[in-house]
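Okay, so here's the structure we're looking at.
If you read the sequence from its start, that first residue is 1, and numbering goes on from there. Quick caveat, the model's predicted, so the values are computed rather than measured.
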Amino acid sequence: MGQSMGNFRKMSNSEVGVDPISTWRSMICLLVLFGVYVLNQANRQVLPVLIPAGVRCYYNGTNECDLHTNPTLVTPNKEMVFPYKAEIQNDGICDPEDCIEFTNAQQGVLTGPAVTIVYTVVGIPISRFADTRSRVIPLVFGLAVWIGMVCLTAFAETYWMLLLAQLIIGIGEATCNPAAFALIADYFKTTNRAKALSLYYFAVYLGGSLGYALGAVNVVLCWRWTFLIIAIAGGVMLFLVIAVLREPHSDETGVPYKSDSYYTVKETIQELVSCKPYVILCVAASIRNISGYALGAWLATFYAKHFDQSSQEYGLRIALIVLTGGGLSCVIGGFCADRFSVDRRAAKALIISISQFLAAPCIIATLLVPTTQASYGLLFVAYLTAETWLGPAAAIIQDLFSPNLRAQASAVYIALMTLLGGGLGPILVPGILELKPEWGECDKGVGYALAIIVPTCYFIAAVLFLVVGYLMKDVPVVLSDETIYLTYDTSEREGDTASEKSWYGSRRVSEDHTTDGHISEAL
C-alpha cells in the first residue's frame, strides 16, 4: 500500500458536508441534555423513595414486625400507620395523613411497567421523527408533557391517578434518550463519543442521588411539594432546551443537517436485525437493566424495612453512594472504553463484561451482611464496579450505524431494555416474596429477593457482553458523514505510518479500504 498512498490531503469539512461544531458549543449542548436527563432520573427515583416514606399508606396489620419496637402502632380496627411526623403541616396541600393506599404488587407496577409500556410504544416512532426530521422538536414536546404529568403526580388523590401520571410520563421519557443520543453523536466524533455519552449518563447517578436526597428531606417537606419542585425545575430546563439546542448544520448556510437518504421501516428492521452485535447487545442490556430497575424500585424499601431506617437515614446515604460510586464508575467506564478501543473495537464490550463479573459478588454481600455500615460500604463498591456499562454500550450502537439510523437504533435498544428491565425488575421482587410467604412479612425478605435477581442478571449480562465483543471484530467500520477522506498522488510519496495514524485515528489501515485512488476510514 505504501507505493500507492502518495501525498495526502485531508478534505475540509465543507467538502464532506459536515458542520465543524465548536468544542464549547458541543459541551454547552451536552450540559443542557445532561440537565434534562438529571431531572428525568430524579423524578423516576424519587417515587420509589417516597413510597415507604409517605406516599403509601401502611396498615398496622401489615407492619406487625414494627410492633416490637413501637407499641403505639397497636390500634383497634386496623387504623392506618403514617410514616412521617404528625406535626408537619403545609397549608392544606400536605395533610400528615395524606397518603395513598396500594399493595406490593401495585407498587411494582407503579415503579416499573407503568412507565415502560408507554415508553416502548412511543419511543420508536418518535426516534424515526428524530432521524428524518428534527432531533430537538421531539425533545421539547416530550419535556412539556413530562412537566404536566409530574404536576399531576403532585395532586394525585388515588392510586389510579398516580398510575395515569406515570403512564403519560413515559411519553416524555421516551423522547429524551433517542434524541439526545443522536445529537451527541452529531456533536462529537467517534474517538470522543463514549466519553461524551458517559458524561451524559452521569445524569443517571446525579439524578438518582437527587431523588434519594429529596426522599431524605421528607421529614420537613411534604411529598407533594417534592414533585412540584421537580416540575418547576423542568420548566427551567424546557426554556434552556428551546434557547440553546439547535440542529447540526450541513454547511455555512445554516440549513439543518438531514441525511441524503432514509431507510424505510422495512429496511430499518432488516438493518437492525441483521447486525448480530446489536441484537446481542440489546439482549445483554435488557437483562442487565432488570437488576437496575429492581434495585431502583426496592433498595429504599430494603433499608427501610430490613434495617428499620427512616427516609432521612437511608436517603442521604444512598444518595451519596449513587452519586460517588455510580457516577465515578460511569465516567471511568467511558474514558477507558475510548482509550482502549482505539486499537481494539471489542474493548468497549469487554470492559463492560469484566465490570459485571466483579460487581456480582459485591451486591450479594451488600444485601446479606447483618450490619448497616457494612451494607452501605459494600453498596458503594458494587456501584463502583457495576455502573461502567451505560456509556460504552450506547457508544457501541453509535459506532455500528450511520447517522440516519442512530436514533432509531438507540430507540429500539432503549425500548427493549426498558420494557424487559422496567417491566420485570420491579415486579420480580413481589413475585419472589409471594413464593416465600415468610419473606414477604413486612417486606423483610426484600433483600433476599434482590440477592437472587441482581447478581444473576449481572452474570448473564457479562457473558453476553463478551459475545458482543467477539462479534465486533467481524463488523466493518461504518462510513458516515464524519468520515475523513484522504486523497493522494500515486507518483510522489510512499506511505507514512505516522501520517496514516494521525488521519486514521490510530486505526490500522488495510488494503480493503482503498478504492479508486481514495481511502476512507471512520475516526
Handout entry: Donor-acceptor contact present, side-chain Glu101 to main-chain Arg56, <3.5 Å
Key = no
Fill in the blank from the handout: So CG of Leu350 and CZ of Phe465: to nearest 0.5 Å the spacing works out to 11.5 Å
Handout entry: CZ (Phe141) with more than 12 external heavy atoms under 6.0 Å
Key = no
Problem - Close side-chain approach of Val55 to Leu162, heavy-atom, < 4.5 Å - result: yes
Practice task
For the residue pair Phe181 and Tyr200, categorise the inter-ring angle as parallel (less than 30°), tilted (30 to 60°) or perpendicular (more than 60°).
Solution key: perpendicular
Handout entry: Test item: Trp298 side-chain N/O and Pro426 main-chain N/O as donor-acceptor pair under 3.5 Å
Key = yes
Problem - Within 6.0 Å of CZ in Phe129, more than 12 heavy atoms from elsewhere - result: yes
Practice task
May I ask you to decide if Ala154's main-chain N or O and Arg224's side chain share a donor-acceptor pair within less than 3.5 Å?
Solution key: yes
Handout entry: Point-to-point distance, once rounded to the nearest 0.5 Å, from CG of Leu416 to CG of Asn289
Key = 11.0 Å
Problem - Residue pair Ile51, Thr111: steps toward the side-chain contact (heavy atoms from CB on, under 4.5 Å) verdict - result: CA-CA 10 Å; Ile51 282 175; Thr111 55; 3.8 Å; yes
Practice task
Sequence neighbours left out, what passes salt bridge (charged side-chain N to carboxylate O under 4.0 Å, His left out) with Arg44? Give chain and number order.
Solution key: Glu173
Exercise for the section: May I ask you to test the Val118-Ile168 pair for a side-chain heavy-atom distance under 4.5 Å? Expected result: no
Exercise for the section: State, yes or no, whether a side-chain contact exists between Leu295 and Phe302 at a heavy-atom distance under 4.5 Å. Expected result: no
Handout entry: pair Gln398-Leu197: side-chain heavy atoms closer than 4.5 Å
Key = yes
Practice task
Specify whether Phe401 and Tyr278 have parallel, tilted or perpendicular ring planes, treating 30° as the upper limit for parallel and 60° as the lower limit for perpendicular.
Solution key: perpendicular
Problem - Verdict with reasoning, Leu139 to Leu33, per side-chain contact (heavy atoms from CB on, under 4.5 Å) - result: CA-CA 9 Å; Leu139 194 59; Leu33 294 170; 3.5 Å; yes
Problem - Side-chain heavy-atom pair Tyr293, Thr418 within 4.5 angstrom cut-off - result: yes
Handout entry: Met472 side chain near Val468 side chain, heavy-atom distance below 4.5 Å
Key = yes
Handout entry: Residues which pass side chain to side chain donor-acceptor pair (under 3.5 Å) with Tyr413, listed by chain and number, not counting sequence neighbours
Key = none
Exercise for the section: Output the distance between atom CG (Leu323) and atom CG (Leu328), rounded to the nearest 0.5 Å. Expected result: 10.0 Å
Problem - Residue list, side-chain contact (heavy atoms from CB on, under 4.5 Å) with Ile229, at least two apart or on another chain - result: Leu221
Problem - Short side-chain to backbone donor-acceptor contact, Ser410 and Arg406, under 3.5 Å - result: yes
Problem - Donor-acceptor pair between Ser209 and Gln45 side chains, under 3.5 angstrom - result: no
Fill in the blank from the handout: dist Ser291:OG -> Tyr458:OH (nearest 0.5 Å) comes out at 4.5 Å
Exercise for the section: With sequence neighbours excluded, tell me which residues meet side chain to side chain donor-acceptor pair (under 3.5 Å) with Glu387. Expected result: Tyr205, Arg288
Practice task
Could I get the full list of side chain to side chain donor-acceptor pair (under 3.5 Å) partners for Ser353, not counting sequence neighbours?
Solution key: none
Handout entry: Nearest-0.5 Å distance that lies between atom CG in Leu163 and atom CE in Met161
Key = 11.5 Å
Completion exercise
Rounding to 0.5 Å, atoms CD (Gln166) and OH (Tyr159) come to a distance of 9.5 Å
Exercise for the section: Output all residues satisfying side-chain contact (heavy atoms from CB on, under 4.5 Å) with Ala165, sequence neighbours left out; order by chain, then residue number. Expected result: Leu152, Thr153
Completion exercise
Only one of Asp338, Asp399, Thr388 passes side-chain hydrogen bond (donor to acceptor under 3.5 Å, both in side chains) with Lys348, and that residue is Asp399
Practice task
Determine, step by step, whether Tyr314 and Tyr303 satisfy the ring-ring contact (aromatic ring centres under 6.0 Å, His included) criterion, reporting the C-alpha distance in whole Å, the side-chain angles of both residues, the deciding distance to 0.1 Å, and the verdict.
Solution key: CA-CA 6 Å; Tyr314 66 72; Tyr303 281 105; 7.4 Å; no
Practice task
Decide yes or no for Thr301 and Val429: does some side-chain heavy atom of the first lie under 4.5 Å from some side-chain heavy atom of the second?
Solution key: no
Problem - Side chain to side chain, Phe202 and Tyr37, heavy atoms closer than 4.5 Å - result: no
